[in-house]
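Just so you know, these numbers come straight off a predicted model, no measurement behind them. Chain A is the first sequence line, chain B the second, and so forth, proteins listed ahead of strands; every chain is numbered from 1. The basis for the numbers below is simple: all heavy atoms, side chains too, and nothing from hydrogens, waters or symmetry mates.
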Number of protein chains: 2
Amino acid sequence: MTSREALVARIMEGQRRFQEAMARDRAHPFFSANLTMSQLKILFALRLNGACGGQELAQTMGVSLATMTGIIDRLVASDHVSRREDPKDRRVRLIELTPQAVKLTDEMIIQGEEFQRQLLSRLTLDELGVIADATDIMQRALAEDQSP
Amino acid sequence: MTSREALVARIMEGQRRFQEAMARDRAHPFFSANLTMSQLKILFALRLNGACGGQELAQTMGVSLATMTGIIDRLVASDHVSRREDPKDRRVRLIELTPQAVKLTDEMIIQGEEFQRQLLSRLTLDELGVIADATDIMQRALAEDQSP
DNA sequence: CGAAATATTAGGCTAAGGCAAACTATCCGT
DNA sequence: ACGGATAGTTTGCCTTAGCCTAATATTTCG
């Protein structure tokens with residue numbers, strides 16, 4: 001094994017443990033939010049791709065438009081999404097997440113800020129510096145990855 | 001703002017972006033797995049707490065034992081969990097995840113290894129060293145946090 | 001032995017999701 | 001500006017997962 005491979009393995013294992021430790025936090029909202037799976041999928045789709053029309057949503061989920069109307073109705077009633085007119089095409093009703101639903105999906109997908117802050121509070125200034133450098137390096141790799 | 005607070009803020013923001021970028025990966029299995037919300041909750045509970053009896057599971061989810069039997073039946077049929085006797089109490093049927101379900105929940109909760117590996121492949125050896133140091137520091141903070 | 005605990009089965013109910021068909025409103029090519 | 005195509009909703013009907021209570025079996029343990 002090259003030293004490079006060894007480093008990568010060490011990092012991956014550490015990251016895995018870290019994620020594992022935060023899994024409990026992320027799983028919480030799944031228990032407290034009273035959603036069906038169809039509803040959850042739609043919230044995720046909207047969170048990842050932004051607002052879109054019902055037709056597109058129905059096709060993505062492999063469901064008829066009539067079915068989608070029903071699902072969206074219930075999500076509107078529970079204040080997770082809202083409908084508004086598409087200024088570009090008035091036939092379309094754009095579906096978008098309410099701020100409350102953005103927060104909910106963030107808790108499910110993004111990590112527990114509280115937990116992270118608590119961990120960081122245990123570190124020395126020097127250690128924080130190393131973490132910050134590492135974060136910056138990953139940011140650059142991420143940026144290059146998205147526009148090579 | 002102290003330099004410490006500045007460092008923490010920089011780290012948190014970087015981590016948030018990083019998680020955001022991986023969110024798509026993690027959301028995938030929610031779309032492809034054909035589960036109901038009750039089923040998902042049970043898989044999560046088993047993944048986080050390990051195998052347990054139906055009674056305990058029913059109480060955790062706030063549901064009657066008869067209901068739980070039905071849900072477990074369907075999860076067994078779809079090969080997500082299995083039942084086995086509890087050697088300590090033969091009245092109890094321990095419910096545990098199948099290897100397939102462990103893999104599935106890992107994909108939902110833990111992060112995309114492939115994506116991570118790809119990002120790391122873009123880094124120099126020096127940069128990898130910084131990341132590895134940072135990972136180790138976080139590991140220590142994590143260990144201290146769990147047993148202070 | 002007998003009460004208590006664990007699980008399953010049977011029977012019955014509800015709500016979410018699934019569809020097709022009919023209808024309205026809007027868009028856009030000719 | 002007419003007319004087909006597209007987006008959405010409504011209606012009516014069906015299926016399934018989940019939910020319960022009550023009855024039954026099995027095992028534990030005082």
Point to revise | Sole candidate of B/V81, B/L75, B/I42 that passes side chain to side chain contact (heavy atoms under 4.5 Å, CB included) when paired with B/I95 | key: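 Single pass found, and it is B/V81.
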Check your understanding: Given B/Q19, which of A/D106, A/I110, A/I109 fulfils the side chain to side chain contact (heavy atoms under 4.5 Å, CB included) condition?
Key ->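 For B/Q19, the side chain to side chain contact (heavy atoms under 4.5 Å, CB included) check succeeds only for A/I110.
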Whole angstrom value for the distance that separates [atom2] of [N] from [atom1] of [X]:
X	N	atom1	atom2	answer
A/L35	D/dG18	CG	C1'	16 Å
A/L57	D/dT9	CG	C1'	16 Å
A/L75	D/dG8	CG	P	15 Å
A/Q55	D/dA5	CD	P	15 Å
B/D73	C/dT8	CG	C1'	8 Å
A/Q59	D/dG8	CD	C1'	13 Å

Review point. Judged by atom type as modelled, is there a donor-acceptor pair below 3.5 Å linking the side chain of B/T105 to the main-chain atoms of B/L43?
Key: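 No; zero donor-acceptor contacts below 3.5 Å.
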Exercise for review: Determine yes or no for a side-chain-to-main-chain donor-acceptor pair under 3.5 angstrom, with A/T98 supplying the side chain and A/D79 the backbone.
Suggested key: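 Yes; judged by distance alone, with no hydrogens or angles, the pair exists.
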Review point. Distance check: side-chain N/O of A/R93 vs OP1/OP2 of C/dA25, anything under 4.0 Å?
Key: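 No, because none of the side-chain N or O atoms of A/R93 sits under 4.0 Å from OP1 or OP2 of C/dA25.
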Check your understanding: So does A/R83 get a side-chain nitrogen or oxygen closer than 4.0 Å to the phosphate oxygens (OP1/OP2) of D/dT9?
Key ->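 For A/R83, the contact criterion (side-chain N or O under 4.0 Å from OP1 or OP2 of D/dT9) is met.
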Review point. Does a side-chain N-to-carboxylate-O contact under 4.0 Å join B/E20 and B/R17?
Key: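 Looking at B/E20 and B/R17, the cut-off is not met.
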Nucleotide N/O of nucleotides 26-30 of chain D paired with protein N/O under 3.5 Å:
residue	atom	partner	partner atom	Å
D/dT28	OP1	B/R90	N	3.0

Exercise for review: Identify the two heavy atoms, one from B/F18 and one from A/Q139, that lie closest to each other, and give their separation to 0.1 Å.
Suggested key: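 Between these two residues, the closest heavy atoms are N-NE2, 4.2 Å.
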**Study point:** Contact state string [nucleotides 13-21 of chain C, B base, S sugar-phosphate only, - no protein heavy atom under 4.0 Å]
**Key:** ---SBBBBB
**Study point:** Worked check of side chain to side chain contact (heavy atoms under 4.5 Å, CB included) between B/N49 and B/E56
**Key:** CA-CA 11 Å; B/N49 305 323; B/E56 190 183 338; over 6 Å; no
Exercise for review: Give me the ring orientation class for A/F44 and B/F31: parallel if the planes are under 30° apart, tilted from 30 to 60°, perpendicular past 60°.
Suggested key: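 Correct class here is tilted.
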